[in-house]
Colleague: 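Please read through the structure below; I'll follow up with questions.
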Amino acid sequence: MEIPKQLCSKKTLIALFLGIIVPTSQSFLNYLLLSIVFGSQVLYRRRRLRARWYYYALLAFVDVEANYVVVRAYDYTSITSVMLLDCWSIPCVLFLTWIFLKTRYKIGQFIGVGVCVAGLVLVVFSDVHASDTQKGSKPILGDMLVLGGSMLYAISNVGEEFFVKNVDRIELMGMLGTFGAVIGACQVCIFERNALRSINWNAGAVLPFLGYAVALFAFYVLVPILLKMSGAALLNISLLTSDMWAVLIRIFAYHEKVDWLYFLAFGAVTVGIIIYSSCCEEDKIRNQPEQDNIGDQPKEDALLNNNRNKPIDEEANLGNCVGEHLILREKNGDGHSIASNTLQHGVAESMIQLKNVRPEGLESRK
């Protein structure tokens with residue numbers, strides 16, 4: 001089926017997502033999909049939750065409100081202000097992971113963060129250079145909403161990192177989707193029901209909603225994997241590239257001209273991510289030999305103790321052999337010569353074995 005041209009127009013998307021502000025309704029479908037996909041897996045397991053349910057409810061509340069506050073900020077301030085102030089989530093994540101998750105950062109990682117933020121500042125300067133002078137109706141209120149939303153995003157990401165690394169990814173996504181859908185449904189009924197009624201629900205309105213929900217669902221599915229591999233700090237730094245991908249969409253989808261500072265900013269963000277990631281890789285490489293040595297030490301100690309005990313064991317065997325032959329000699333008086341020969345043969349054989357083992361034991365003792 002051919003997609004309607006009205007759906008592909010930029011004017012339709014702005015009228016839907018910016019002209020009618022329904023941030024909770026946009027994210028509600030995402031939480032519903034998470035609840036259906038991952039919640040069904042949690043029910044299929046038929047086992048108790050590994051974390052208290054109210055922790056998941058609190059995390060879902062923070063996540064829902066973070067999405068609501070940031071999207072709502074677009075109605076009061078300019079896009080450039082949102083892009084710049086949204087970086088506040090990065091120092092918040094660094095502070096929270098340092099306090100609660102005991103993550104330690106190096107100077108190189110802070111340098112990488114600084115380079116990334118500098119690249120985003122170039123994006124803002126590019127917008128200003130391109131005469132993006134829209135200030136918004138209430139810029140101070142909008143800026144405060146962005147800062148608050150950034151802090152909520154940081155709390156949500158750090159909480160998800162904790163649950164992913166210490167509990168279970170499936171359980172986290174299932175409970176986050178379930179409580180997020182319940183909280184979102186209540187919030188939609190209270191604040192957004194009139195706005196939803198005013199929308200003309202045709203293909204041009206439904207499909208963007210569905211497309212946004214599917215894209216956000218894919219994002220939520222992939223985020224826990226990145227959190228487990230690299231942490232919340234690298235996630236927030238990597239999200240700075242979303243503004244750069246928006247530039248490519250503006251160029252190829254809407255055929256707009258962008259300032260050359262955009263490309264310089266894209267390079268700066270990329271370099272910053274590489275610097276931060278390289279410091280993380282160096283830590284892994286340095287920690288790997290230590291872990292290997294720790295793992296091999298018990299084996300070496302066991303081998304050393306085994307070699308040390310070998311001479312003692314051989315001497316004990318020698319004593320047992322002599323004792324057995326002496327008992328045989330006492331019991332069998334008629335076979336005196338046979339017992340003596342057997343005794344001599346056993347002693348000689350044991351002495352040869354002891355001589356062969358003795359050097360190894362001495363070396364081990366040294």
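Only heavy atoms go into these numbers, but all of them, side chains included; no hydrogens, no water, no symmetry mates.
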Colleague: Apply the test side chain to side chain contact (heavy atoms under 4.5 Å, CB included) to residues Gln26 and Leu216: give CA-CA distance (whole Å), side-chain angles for both, the deciding distance (0.1 Å), then the verdict.
Modeller: CA-CA 9 Å; Gln26 295 177 30; Leu216 194 60; over 6 Å; no
Colleague: Pairing donors with acceptors under 3.5 angstrom, does anything connect the side chains of Tyr76 and Asp143?
Modeller: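 The criterion, which ignores hydrogens and geometry beyond distance, is not satisfied for Asp143 and Tyr76.
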Colleague: Please answer: with hydrophobic residues joined when any side-chain heavy atoms are less than 4.5 Å apart, are Phe179 and Val182 in the same cluster?
Modeller: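 They do not share one cluster, since no chain of ILVMFWY contacts under 4.5 Å joins Phe179 to Val182.
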Colleague: Run the ring-centre check on Tyr56 versus Phe163 and record whether the distance is less than 6.0 Å.
Modeller: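 Between Tyr56 and Phe163, the centre distance is under 6.0 Å.
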Colleague: Checking Ser27 against Asn67: is there a side-chain donor and acceptor pair closer than 3.5 Å?
Modeller: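 No, no side-chain donor-acceptor pair sits under 3.5 Å.
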Colleague: In the single-linkage hydrophobic clustering (I, L, V, M, F, W, Y; side-chain heavy atoms under 4.5 Å), do Val113 and Ile274 co-cluster?
Modeller: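 No, no single cluster joins them.
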Colleague: Is it true that the side chains of Thr97 and Tyr105 contain a donor and an acceptor less than 3.5 Å apart?
Modeller: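 Side-chain D/A pair, Thr97 to Tyr105: present.
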Colleague: At what distance, to the nearest 0.5 angstrom, does SG of Cys92 lie from CE of Met151?
Modeller: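 So the SG of Cys92 and the CE of Met151 are separated by 5.0 Å.
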Colleague: Report the distance from atom CE of Met173 to atom CG of Leu33, rounding to the nearest 0.5 Å.
Modeller: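 These two atoms lie 13.0 Å from each other.
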Colleague: If you group Ile, Leu, Val, Met, Phe, Trp and Tyr whenever their side-chain heavy atoms sit less than 4.5 Å apart, what else falls in with Val214?
Modeller: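 Listed partners: none, Val214 stands alone.
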Colleague: Does the ring centre of Tyr153 sit less than 6.0 Å away from the ring centre of Trp88?
Modeller: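 That pair fails the under 6.0 Å test.
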Colleague: Grouping I, L, V, M, F, W and Y whenever their side-chain heavy atoms are under 4.5 Å apart, do Leu49 and Tyr31 come out in a common cluster?
Modeller: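 In one cluster: yes.
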Colleague: Would you please test Ser35 and Thr178 for side-chain hydrogen bond (donor to acceptor under 3.5 Å, both in side chains) and show each step?
Modeller: CA-CA 5 Å; Ser35 178; Thr178 301; 3.2 Å; yes
